[in-house]
2 protein chains.
Amino acid sequence: MANQAIDEIDLRILHALLDNALLTHKEIGENVHLSGQAVGARIRKLQDLGVIEGYTLRWNPEKIGLHIHAFLTVFIYANQSHQAFRNFVQLTESVMEAHRVGGEGCYWLRIRTNDSSELNKLLEEVLRYGNYRLSISIENVK
Amino acid sequence: MANQAIDEIDLRILHALLDNALLTHKEIGENVHLSGQAVGARIRKLQDLGVIEGYTLRWNPEKIGLHIHAFLTVFIYANQSHQAFRNFVQLTESVMEAHRVGGEGCYWLRIRTNDSSELNKLLEEVLRYGNYRLSISIENVK
DNA sequence: GGGTTTACTTACACCGTGAAAGGAGAAAAG
DNA sequence: CTTTTCTCCTTTCACGGTGTAAGTAAACCC
């Protein structure tokens, strides 16, 4: 597998694994008309290329008590250190995902907390670094 | 495994799998001081409880050409059908994730496109349903 | 104390996976 | 046109991870 280009079959394998990473290579192979070993070789290629970074779970945080799911757009105060905010983000467990963004705001955060009082506590901490706009997920549509 | 309560060990197993779903039960067991089979039984419990919904990939969309990663907060026009917008969301490949939200806006969307012209095209379509605020990810901080 | 329940460990068979070897088909060179 | 080379595939085989079944230890109840 020296040709490192990604073809249509690779993408079909990728999407199959995104849907269910426990599919056997043989099962995937039946869909793309390849032997299981050929599929395995292509998966290894996708890993080497960095397309596939690892394997993880699809899970339901609500089931372990994380009932609040919120999105936060943060506007860091002028003159405020971005590094301090970044450290805060890294150290705070409730921040599940964080991006530096352009457009609306400076940072975008995905927050999960057990309840609204925890969320409120976090929002107060965020106010040390900047203002924010908050949206709370009511329903996962997609 | 009739006791369906989630204990500290279950959470450690969950976090281990979130980090790397390919860990063998035995490897996890060495960390939590259980046999591989006992770990397997607990994982099955987490699946039955709906905590673990499935297995998927951590991957890098940029590597297959999806260079634009944007967050969209949509404000549906008054009198506009929400169902039409939801259909649009389901049918549009560039929409990777969508939530009904309270607070800022009506919906929150995660968008990935190959380039800015594709993004622009999508934004025009969104304008059929509502206004929006756009943030574009510059760096994945966490 | 005997009986029951719960959650674990050990033993074992199945099968998914990666490695190695061999083959088909296309492209390039003579 | 034939030969060589390269790429990517299939087949074969051994290893090892997983689920099942059986056995064990501890806690609880009567």
Side-chain angles (χ1 to χ4, degrees), chain A residues 1-67 93 96 114, chain B residues 1-67 93 96 114:
Chain A
M1 189 67 59
N3 178 8
Q4 299 293 60
I6 295 172
D7 64 14
E8 194 57 41
I9 292 180
D10 292 323
L11 291 181
R12 287 174 63 187
I13 293 172
L14 179 64
H15 284 117
L17 288 176
L18 282 169
D19 184 56
N20 177 12
L22 292 190
L23 287 172
T24 66
H25 298 172
K26 192 179 161 199
E27 285 171 311
I28 299 172
E30 284 163 9
N31 280 320
V32 300
H33 305 295
L34 254 63
S35 70
Q37 288 74 358
V39 173
R42 282 167 178 270
I43 291 175
R44 244 167 284 135
K45 182 183 76 175
L46 290 171
Q47 289 169 339
D48 293 343
L49 288 173
V51 179
I52 295 176
E53 295 176 340
Y55 293 77
T56 185
L57 303 177
R58 231 176 313 107
W59 66 303
N60 188 339
E62 283 216 25
K63 292 285 172 82
I64 60 164
L66 294 167
H67 298 295
E93 265 191 36
M96 310 301 275
N114 287 299
Chain B
M1 189 67 61
N3 178 6
Q4 298 294 57
I6 295 172
D7 63 14
E8 193 56 40
I9 292 179
D10 292 323
L11 292 181
R12 287 175 63 186
I13 293 172
L14 179 65
H15 284 116
L17 289 175
L18 281 169
D19 184 57
N20 177 13
L22 292 191
L23 286 173
T24 66
H25 297 174
K26 191 178 161 199
E27 286 171 309
I28 299 172
E30 284 163 10
N31 280 319
V32 299
H33 305 295
L34 253 63
S35 71
Q37 286 74 356
V39 172
R42 282 167 177 270
I43 291 174
R44 247 168 281 134
K45 181 183 78 176
L46 289 171
Q47 289 170 338
D48 294 342
L49 288 173
V51 178
I52 294 176
E53 295 176 342
Y55 293 77
T56 185
L57 302 177
R58 231 177 312 109
W59 67 302
N60 188 341
E62 282 215 24
K63 292 285 172 77
I64 61 166
L66 293 168
H67 298 295
E93 265 192 38
M96 310 301 276
N114 287 299

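In the text below, chain A, chain B and the rest are named by the order of the sequence lines, each starting its count at 1. Bear in mind that the values here come from a model prediction, so they are computed numbers and not experimental data.
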Testing A:V39, A:I28, A:L46 for side-chain contact (heavy atoms from CB on, under 4.5 Å) with A:L17, which one passes?
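Between A:L17 and the candidates, side-chain contact (heavy atoms from CB on, under 4.5 Å) is satisfied uniquely by A:I28.
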Restricting both atoms to N or O, compile the protein contacts to nucleotides 13-20 of chain C shorter than 3.5 Å, with distance only.
unit_1: C:dT17; atom_1: OP2; unit_2: A:H25; atom_2: N; d: 2.9
unit_1: C:dG18; atom_1: O6; unit_2: A:Q37; atom_2: NE2; d: 3.2

Between B:Y55 and B:Q47, what is the shortest heavy-atom contact and its length?
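Minimum heavy-atom separation between B:Y55 and B:Q47: OH-NE2, 3.1 Å.
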For A:R42 and D:dC9, is the shortest distance between a side-chain N/O and OP1 or OP2 below 4.0 Å?
yes
Would you say [X] and [Y] make side-chain contact, with heavy atoms under 4.5 Å?
X	Y	value
B:L14	A:I64	yes
B:T56	A:N20	no
A:V51	B:L57	no
B:R42	B:V32	no

Send over the distance from [X] [atom1] to [N] [atom2], rounded to a whole Å.
X	N	atom1	atom2	answer
B:E30	C:dT9	CD	C1'	15 Å
A:I6	D:dC8	CD1	P	13 Å
B:L34	C:dT9	CG	C1'	10 Å
B:D7	C:dC8	CG	C1'	13 Å
A:I13	D:dC8	CD1	P	13 Å

